[in-house]
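Taking it in order: structure first as structure tokens, then the write-up.
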Amino acid sequence: MIRLKKKEAPKAEPASVDEGKAPVADGGPEKVSILGIGGKKVNKGAAGKKRKTPGEIRIQKDIAELDGGDVATINFPNANDLTKFNVVVTPDTGFWKGATYRFTFTIPPMYPHEPPKVHCDTRIFHPNINLEGNVCLNILRQDWKPVLDINAVIYGLIYLFYEPNPDDPLNKEAAQLYRDDIKMFERHVQRTLPR
């Protein structure tokens with residue numbers, strides 16, 4: 001049988017404080033706390049700071065890995081709120097080449113188990129984006145899986161500019177024109193490009 005000894009409390013020796021220096025105990029080296037390193041452990045949870053949810057931790061990881069290349073730029077209106085940010089897409093080829101489109105991403109509390117909400121803030125004539133700014137992208141609906149991330153959504157948006165999908169439209173008029181008369185569709189897109 002193993003006997004466990006009770007841990008004895010360290011014997012307190014009187015310590016003196018000289019001119020703001022940390023007290024020295026047991027004749028050992030003096031402990032100095034520099035920028036919170038060394039010295040006493042500080043309980044960060046007691047400072048009233050809210051614990052991060054798994055979704056907030058995941059979004060931090062996703063944001064650290066964001067890469068929109070030359071086509072998409074990401075900015076955060078409020079640096080302390082990672083759940084709402086803007087993505088500006090400037091297609092480098094296709095019907096919308098050179099135009100700039102602003103999207104607002106809103107990350108729900110149950111992310112990554114729920115997809116982010118994406119809204120197009122710039123009016124666009126596109127089969128998969130309606131005039132109210134709603135975006136039809138399969139991974140934002142039925143094909144969303146928690147293993148997908150924000151990069152996948154941004155790449156999906158960019159792909160919509162390169163290859164519109166008239167078979168799953170939100171803007172039925174644009175989809176019909178795209179299927180029936182691609183030249184007329186292109187002229188209509190050119191007239192509606194943001195200047």
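Along the sequence shown, residues are numbered consecutively beginning with 1. Given the structure is predicted, the values throughout are model-derived calculations rather than measurements.
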Lys61: salt bridge (charged side-chain N to carboxylate O under 4.0 Å, His left out) partners, not counting sequence neighbours:
Glu65

Can you list everything that forms a salt bridge (charged side-chain N to carboxylate O under 4.0 Å, His left out) with Arg123? Sequence neighbours excluded, please.
none

Verify side chain to side chain contact (heavy atoms under 4.5 Å, CB included) between Trp96 and His126, making sure each step is shown before the conclusion.
CA-CA 9 Å; Trp96 298 273; His126 192 291; 3.3 Å; yes

Roughly how far apart are [X] [atom1] and [Y] [atom2], rounded to 0.5 Å?
X	Y	atom1	atom2	value
Ile129	Leu157	CD1	CG	7.0 Å
Gln176	Asp181	CD	CG	11.0 Å
Cys120	Leu170	SG	CG	11.5 Å
Ile139	Lys145	CD1	NZ	10.0 Å
His113	Trp144	NE2	CH2	11.0 Å

Listing request: all side-chain hydrogen bond (donor to acceptor under 3.5 Å, both in side chains) pairs with a residue in residues 155-166, at least two apart in sequence or in separate chains.
Asp92-Tyr162

According to the ring-ring contact (aromatic ring centres under 6.0 Å, His included) rule, which pairs have a member within residues 57-94, sequence neighbours left out?
Phe76-Phe85, Phe85-Phe105

Please examine the side chains of [Y] and [X], heavy atoms only from C-beta on, and report whether any two atoms are closer than 4.5 Å.
X	Y	result
Thr106	Thr83	no
Asn151	Leu66	yes
Val89	Thr100	no
Leu177	Ile182	no
Val153	Pro115	no
Leu137	Val118	no

Counting only N and O atoms by type, is there a donor-acceptor contact under 3.5 Å from the side chain of [X] to the main-chain atoms of [Y]?
X	Y	answer
Arg58	Tyr111	no
Thr122	Arg102	yes
Asn128	Asp168	yes

Please check if any side-chain donor atom of Gln190 sits under 3.5 Å from a side-chain acceptor atom of Arg187, or the reverse.
no

Between Glu132 and Asn130, does any side-chain donor sit less than 3.5 Å from a side-chain acceptor?
yes

May I have the step-by-step check of side chain to side chain contact (heavy atoms under 4.5 Å, CB included) for Ile107 and Ile150, ending in yes or no?
CA-CA 9 Å; Ile107 308 301; Ile150 301 300; 3.5 Å; yes

Any salt bridge (Lys or Arg N to Asp or Glu O under 4.0 Å) involving residues 69-86? Give me the pairs, sequence neighbours left out, ordered by first then second residue.
none

Holding to ring-ring contact (aromatic ring centres under 6.0 Å, His included), I want the full list of residues that pass it with Phe125, two or more places apart in sequence or in another chain.
Phe185, His188

Determine the minimum heavy-atom distance between [X] and [Y], stating which atoms define it.
X	Y	value
Pro116	Leu140	O-CD2, 3.5 Å
Ala99	Pro194	CB-CD, 3.9 Å
Pro164	Pro166	O-CD, 3.2 Å
Ala72	Ile158	CB-CD1, 4.0 Å

Quick check on Glu173: does its CD atom have over 12 non-hydrogen neighbours (other residues, nucleotides or ligands) under 6.0 Å away?
no

Step by step, work out the side chain to side chain contact (heavy atoms under 4.5 Å, CB included) result for Tyr101 and Ile124.
CA-CA 8 Å; Tyr101 297 93; Ile124 183 172; 3.6 Å; yes

Side chain to side chain contact (heavy atoms under 4.5 Å, CB included), that's the test. Do Ile74 and Ile154 meet it? Break it down for me.
CA-CA 10 Å; Ile74 298 100; Ile154 293 172; 4.1 Å; yes

Do Val88 and Phe95 land in one hydrophobic cluster if side-chain heavy atoms of ILVMFWY residues count as linked below 4.5 Å?
no

Using the rule that two of Ile, Leu, Val, Met, Phe, Trp, Tyr join whenever any of their side-chain heavy atoms come within less than 4.5 Å, decide whether Leu148 and Leu82 are in one cluster.
yes

